[in-house]
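Every chain is numbered from 1 and lettered A, B, ... according to where its sequence line falls, protein lines coming before strand lines.
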Amino acid sequence: MTVSAKHRSHEQQVDAQIEARRRAMAAFAQAGSTFLADAWERLGAGRTALPVRGPEVGLVMVRGRAGGGGAPFNLGEASVTRASVRLEDRDGAVVGHAMVLGRDPDKAGLAARFDALWQVGDQRERIETEVVAPIEEALAEGDRKRTEETEATRVDFFTMVRGED
Amino acid sequence: MYVAVKGGEAAIANAHRLLDDRRRGDRSVPVLTLDQITQQLALAVDRVMAEGSLYDPELAAMAVKQARGDLIEAIFLLRAYRTTLPRFAASKPIDTGAMKIERRISATYKDLPGGQLLGPTFDYTHRLIEPDMADDRPVPEPERRSCDRHESAPRVTDILGADAMIEPDGEGTPEREPADLTRSPRTFPADRDARLQALARGDEGFLLALGYSTQRGYGRTHPFVGEIRIGEVEVEIELPELGFPVAIGRVKVTECQMISQFKGSKSEPPQFTRGYGLVFGQSERKAMSMSLVDRALRAEEFDEERVSPAQDEEFVLAHSDNVQATGFVEHLKLPHYVDFQAELELLRRMRSEQQYEDAHKEAAQ
């Protein structure tokens, strides 16, 4: 393997890892806090997570684009909660981050812990199958329900022919 | 000299206690829960979030409850709350093209890709009060229809735009931070980003009246609803400690693309022009009004004469905020005893001077 090919495959690995973490973080952010708390009991039991920052409630300015795709503008703010925690590990410490819509310190703290545990790696597979996948399924199920309900309101036009010829 | 008068402390305390009592009402009636408000008065909650300029359904429901259903008071409460919180970040611009659509209609294209989806609408209802609804009668589950095709629903302006029949969205200058009314005071002339922010948080009634005025001839634009879409979009934030954007949840928004009559130039063929509306929550009346006013305010861009209120950005932006408006109108009821005494004194003097002059005239005759 040439050097540049090696470099490229390393880059691809990093990209894939970032993509996987993004997905996991998005899932944690959209889960219920009781679900995350139960999951942490199973997966994170015995681990100490020290708060680095927060959880703290604040705002993000949500932006839109003029015309839908033009220049950005400030639409309005949304409440969020953010948290960062440090998870001790054999090889050192890993810092996990979370920001979630709404004012739920417990949820933000748990999401940050899961982000840290996901990075530690030894539980990644279990997190993926026992936490991320069920959250994504629940979201998809909710979306499917709403899509189907909306689909039933689709207008089917038909043409009326009046008179002869 | 300034003379301060104190008093009314007990009266104020008792008035607030009375307010609490009246808010609660008859104690034999069950108290309203926040869930009941977010679920069953969802559009009131949406309006409070849109004009309070803070997306948080639970908080907005609390404000509606505390304000006894006075929505402008609730909006005021939400605005006051937001000032207590730090701003962490700004989101990446939301992508309304990737919306989870709950309603999507176009008045310009019958067969547009993605179709016409009515969703939960008041349109085509008879607007007759249904006494049955007053009771807790069971409500049937909505009809469902499976939807295998993953047909995307492109924004109508992208469809029309492909043929260059309509002006494009325009490019944002990426290095420029959009104007933020919450951070820096209004300046005129305002750029479109500042106007859109002001309109998005502006009073629905005010914008509705202005939009209506453009239809009635005060700044005529002859508009069509190119598209209205309502649904959830993902909010993504770039966290500095990560270096990549993550989704933090979803918000519901309403978007309106208003298409107006043509404009061409030496270099460009005639094409439709546009007004844009984007509002938190489900509120198509507000989104439509916003898009009408946005288009009217673009008068200068299209060399249109600015002759009507809806085209006058100072007039529109200075009066669209209902918290500012209510503050200034309602402050009139606060004690103005000294101001009023001064004017009363002035009036007395004017009268006595007039009497003196009249007496002199009489004497002279």
Side-chain angles (χ1 to χ4, degrees), chain A residues 18-19 21-30 52-53 56-82 84 95 97-104 111 115 139 142-157, chain B residues 50 53-56 59 82 85-94 96-97 100-103 110-111 115-119 142-147 155 157 169-173 178-180 192-193 196-197 200-201 235 237 239 241-242 244 246-251 255 257 274 276 278 280:
Chain A
I18 286 178
E19 198 39 50
R21 188 167 165 213
R22 258 165 53 88
R23 246 187 73 194
M25 289 178 85
F28 304 147
Q30 293 179 82
V52 175
R53 182 176 62 186
E56 54 183 336
V57 175
L59 302 168
V60 298
M61 177 54 89
V62 178
R63 287 185 175 157
R65 286 184 183 281
F73 70 94
N74 290 312
L75 172 63
E77 288 165 313
S79 63
V80 296
T81 312
R82 74 176 174 191
S84 297
V95 178
H97 302 286
M99 189 184 277
V100 302
L101 271 185
R103 293 159 297 115
D104 190 341
D115 179 49
L139 283 172
D143 288 343
R144 187 157 47 243
K145 178 171 182 287
R146 271 190 300 274
T147 305
E148 288 180 3
E149 288 167 0
T150 302
E151 184 63 25
T153 68
R154 176 183 295 275
V155 180
D156 298 317
F157 289 102
Chain B
S53 202
L54 177 61
Y55 197 96
D56 188 322
L59 215 52
R82 84 155 272 287
L85 296 178
R87 168 99 55 92
F88 293 155
S91 81
K92 292 180 61 177
I94 54 174
T96 52
K100 306 276 179 201
I101 288 173
E102 257 182 76
R103 166 167 169 80
K110 183 165 69 69
D111 298 310
Q116 309 262 0
L117 301 160
L118 297 183
E143 194 63 41
R144 287 168 72 158
R145 198 200 283 176
S146 70
C147 173
R155 282 187 295 256
T157 45
D169 284 336
E171 296 295 322
T173 34
D180 189 351
R192 193 174 178 204
D193 53 356
L196 288 171
Q197 182 185 17
R201 67 197 331 242
V235 179
I237 304 279
L239 295 176
E241 48 275 63
L242 295 177
F244 53 85
V246 288
I248 62 169
R250 296 180 188 172
V251 296
E255 180 185 59
Q257 305 276 4
R274 295 162 60 187
Y276 187 64
L278 185 66
F280 278 151

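Taking B/Asp193, B/Val246, B/Leu196 one by one and counting their heavy-atom pairs under 4.5 Å with chain A, the maximum is reached by B/Leu196. Interface check for chain A: of the options B/Ala89, B/Ala50, B/Gly97, B/Gly119, the most heavy-atom pairs under 4.5 Å are formed by B/Ala89. For chain B, the option among A/Val100, A/Val155, A/Val60 with the highest count of heavy-atom pairs below 4.5 Å is A/Val60. If you tally non-hydrogen atom pairs under 4.5 Å between each of B/Leu239, B/Leu242, B/Thr96 and chain A, the highest count goes to B/Leu242. Listed options A/Glu56, A/Arg144, A/Arg82, A/Arg21 were ranked by heavy-atom pairs under 4.5 angstrom with chain B; first place goes to A/Arg82.
The number of heavy-atom neighbours closer than 6.0 Å to CZ of A/Arg23, taken from other residues, nucleotides and ligands shown, is 12 or below. For CD of B/Glu143, the number of neighbouring non-hydrogen atoms (other residues, nucleotides, ligands) closer than 6.0 Å is 12 at most.
Only the side chain of A/Gln30 comes within contact range of chain B, with heavy atoms under 4.5 Å apart. Contacts between B/Phe88 and chain A at a heavy-atom distance below 4.5 Å involve backbone atoms as well as side-chain atoms. With a 4.5 Å cut-off on non-hydrogen atoms, B/Lys100 touches chain A through its side chain but not through its backbone. Both the backbone and the side chain of B/Leu117 come within less than 4.5 Å of a heavy atom of chain A. B/Glu255 touches chain A through its side chain: at least one heavy atom from C-beta onward sits under 4.5 Å away, while N, CA, C and O do not. The part of B/Arg155 that comes within reach of chain A is its side chain, from C-beta onward, which places non-hydrogen atoms under 4.5 angstrom from that chain.
Residues B/Leu85 and B/Leu54 fail the side-chain proximity criterion, which asks for heavy atoms closer than 4.5 Å.
Listed by chain and number, the residues in a salt bridge (Lys or Arg N to Asp or Glu O under 4.0 Å) with B/Arg82 are A/Glu77 (sequence neighbours excluded).
Shortest non-hydrogen contact noted between A/Glu151 and B/Ser146 is CG-O, 4.0 Å. Closest non-hydrogen pair, B/Tyr55 versus B/Arg250, comes out as CE2-O, 4.5 Å.
Residue B/Arg144 holds its CZ atom at 6.0 Å from NZ of A/Lys145, rounded to the nearest 0.5 Å.
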Can I get a per-line list of side-chain donor-acceptor pairs under 3.5 Å for residues 67-75 of chain A, giving both atom names and the distance, sequence neighbours left out?
from: A/Asn74; atom 1: OD1; to: A/Arg63; atom 2: NE; distance (Å): 2.9
from: A/Asn74; atom 1: ND2; to: B/Ala179; atom 2: O; distance (Å): 2.7

